[in-house]
Amino acid sequence: MTTHVLLGGNGAVGRETATQLLGLGIDVASFGRRPSETPGVRSIIGDILDRDAVTHALDGAAVAYLLVGLQYRLGVWRREWPIVMGNAIEAARINGTHLVFLDNVYSYGRTIGPMTERTPIRPTSKKGEVRAGLLRMLDDARASGVTVTVARSADFYGPGAATSVFNMMAVDNAARGKRPVWMFDATKPHSMTYTPDIGRALALIGTDERAAGGTWHMPTAAPARTGTDYVAMLAAGDVSVMGPGMMRIGGLFMSAAREVMELRYQNTESYLFDSNTFESTFGVTPTPYADGIAATLDHARRTV
């Protein structure tokens, strides 16, 4: 039986991907420090920073999905991301495994107009520079014969997406009867990718030969809406906006607020993510925002 391994499979995207792969009859294993909670998924306990452990986890794997989420701090990213990527690449090389990397848009930097797979890699932030360095590592891996596919997502949201800013600041607040919050500017259009759509797309990438070796934007609803629009879909009152001044004050006391300041352009300017190439190639349609937000809010009301 073909085995697919999720490197960091305990997050929302990992759970969604596992569910899709299991539905296709694929043997799915999740590698990480904690056992998988998804029924039917085998757990391989190990540390992504341990190259031998990662290599062992990919023994016999046809496809590996790098879905790891590191602590959102620049120092951690600079220190650990190159190790994580190096371990995944070497393990894929040794085992002949197709490596699929779930990326974000930081490496694009500030853009004018919609982001596509042809948008140049020109980071304008320190975290973006880290991500661009990972892409260079993957390019070198491709040149050496490793099959590498990059799956890129916009900011994501979805049921149980605990690290999603929209989930944390807007959906969870609405579920608790509190006022939803948006950062910096709620009047700019801002694309968001629905985690079940990412899971379906990753499973397709891992099983459709047409996807192998490319860079793909995950299916994302269009047109992008504004923060005000998204909060209106929650039917939880007007949006509360944390402007630049409030974020700077928060940064004096909270490291999380400091970490997002260098990427504030993503919320003070239009953030438009184009996934037409993936949609037309594979015949998929992203979930409309109203439907995705309704499902995400319903899940939050049952769990927060």
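This one's a predicted model, so the numbers in the text were calculated from it and none came from an experiment.
At least one side-chain heavy atom of Q266 sits less than 4.5 Å from a side-chain heavy atom of Y106. T38 places a side-chain heavy atom less than 4.5 Å from the side chain of T19. Side chains of H4 and T207 form a contact here, defined as non-hydrogen atoms less than 4.5 Å apart. Within the 4.5 Å cutoff, the side chain of F166 has no heavy atoms near those of the D155 side chain. The closest side-chain heavy-atom distance from S153 to L102 is below 4.5 Å. With contacts defined as side-chain heavy-atom distances shorter than 4.5 Å, the pair I198/V13 qualifies. Using a 4.5 Å heavy-atom cutoff, the side chains of V130 and L74 are in contact. Proximity of L99 to T149: side-chain heavy atoms (C-beta onward) are nowhere separated by under 4.5 Å.
Between the side chains of D229 and T226, at least one donor-acceptor pair of N or O atoms lies under 3.5 Å. S30 and R42 form no side-chain donor-acceptor contact under 3.5 Å, judged by distance and modelled atom types alone. Judged purely by distance below 3.5 Å, without hydrogens or angles, the side chains of T220 and T193 pair a donor atom with an acceptor atom.
Listed for the W216 side chain is a donor-acceptor partner under 3.5 Å among the backbone atoms of A211. Counting only distance, with no hydrogens or angles, the side chain of D47 and the backbone of A53 share no donor-acceptor pair below 3.5 Å. Checking side-chain atoms of Y230 against main-chain N and O of H190 turns up a donor-acceptor pair under 3.5 Å. Remark: the backbone N or O of E80 is not paired with any side-chain donor or acceptor of W77 at under 3.5 angstrom. Side-chain N or O atoms of T303 include one that pairs as donor or acceptor with a backbone N or O of H299 at under 3.5 Å. A donor-acceptor contact shorter than 3.5 Å is absent between the side chain of N104 and the backbone of A154. The backbone N or O of F273 sits less than 3.5 Å from a side-chain atom of S191, completing a donor-acceptor pair. Within the 3.5 Å criterion, the main-chain N or O of P286 finds no donor-acceptor partner in the side chain of E279. N267 places no side-chain N or O within 3.5 Å of a backbone atom of F184 that could act as its donor or acceptor partner. N173 contributes a side-chain N or O that, together with a main-chain N or O of M169, makes up a donor-acceptor pair within less than 3.5 Å.
Shown here for V5 and A61, the closest heavy-atom pair between the two residues is CG2-CB, 3.7 Å. Taking every heavy atom of both residues into account, A236 and A174 meet most closely at CB-CB, 3.6 Å. When all heavy atoms are compared, the tightest approach of G8 to L67 is O-CB, 3.4 Å. Across A224 and L272, no two heavy atoms sit closer than the pair CB-CD2, 3.8 Å. The two residues A92 and L58 come nearest to each other via the heavy atoms N-CD1, 3.9 Å. Closest non-hydrogen pair, T97 versus A64, comes out as CG2-N, 3.5 Å.
A salt bridge is defined here as a Lys NZ or Arg NE, NH1 or NH2 lying under 4.0 Å from an Asp or Glu carboxylate O, and R142 with D139 meets this definition. Ion pairing of D298 with R302 is present here, as a side-chain N (NZ or NE/NH1/NH2) and a carboxylate O approach within less than 4.0 Å.
The CD atom of E90 sits 8.5 Å away from the OG atom of S144 when rounded to the nearest 0.5 Å. Expressed to the nearest 0.5 Å, how far CD of E129 lies from CD1 of I121 amounts to 13.0 Å. Atoms CZ and OG1, from F278 and T215 in turn, are 12.5 Å apart once rounded to the nearest 0.5 Å. In this structure, OG1 in T17 is found 9.5 Å from CD1 in I205, a value given to the nearest 0.5 Å. The NE2 atom of H98 sits 6.0 Å away from the OG1 atom of T147 when rounded to the nearest 0.5 Å. Distance check, rounded to the nearest 0.5 Å: CG of N95 to OG1 of T3 gives 11.5 Å.
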ask   = Would I89 and M137 satisfy side-chain contact (heavy atoms from CB on, under 4.5 Å), going step by step from the backbone distance to the final call?
value = CA-CA 8 Å; I89 289 172; M137 294 176 70; 4.0 Å; yes
request  = Could you go through the side chain to side chain donor-acceptor pair (under 3.5 Å) check for T268 and D185 one step at a time?
outcome  = CA-CA 6 Å; T268 59; D185 188 340; over 6 Å; no
message = side-chain contact (heavy atoms from CB on, under 4.5 Å), that's the test. Do R264 and V260 meet it? Break it down for me.
response = CA-CA 6 Å; R264 61 187 178 275; V260 302; over 6 Å; no
task = Check step by step if side-chain contact (heavy atoms from CB on, under 4.5 Å) holds for M233 and Y289.
result = CA-CA 8 Å; M233 295 179 198; Y289 286 118; 4.0 Å; yes
task = Begin from the C-alpha positions of T277 and H217 and carry the test side-chain contact (heavy atoms from CB on, under 4.5 Å) through to its verdict.
result = CA-CA 8 Å; T277 298; H217 277 192; over 6 Å; no
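The same ILVMFWY cluster, assembled from side-chain heavy atoms under 4.5 Å apart, contains both L263 and M242. Taking hydrophobic clusters as Ile, Leu, Val, Met, Phe, Trp and Tyr residues chained together by side-chain heavy-atom distances below 4.5 Å, V304 does not share a cluster with V165. The same ILVMFWY cluster, assembled from side-chain heavy atoms under 4.5 Å apart, contains both V241 and V231. Cluster annotation: L6 is not connected to I45 through the hydrophobic network of ILVMFWY side chains, with a link wherever side-chain heavy atoms come within less than 4.5 Å. L21 and V284 fall within a single hydrophobic cluster, where Ile, Leu, Val, Met, Phe, Trp and Tyr side chains are chained together by heavy-atom contacts under 4.5 Å.
Residues forming a side-chain hydrogen bond (donor to acceptor under 3.5 Å, both in side chains) with R152 (at least two apart in sequence, or on another chain): D103, Y108. Scored by the ring pair (Phe, Tyr, Trp, His ring centres under 6.0 Å) test, Y194 finds Y157 as partners (sequence neighbours excluded).
Shown here is R33, whose CZ atom has no more than 12 heavy atoms of other residues, nucleotides or ligands within 6.0 Å. Around CZ of R179, the count of heavy atoms belonging to other residues, nucleotides or ligands within 6.0 Å exceeds 12.
Among R110, K127, K126, the one residue that satisfies the salt bridge (Lys or Arg N to Asp or Glu O under 4.0 Å) test with E262 is K127.
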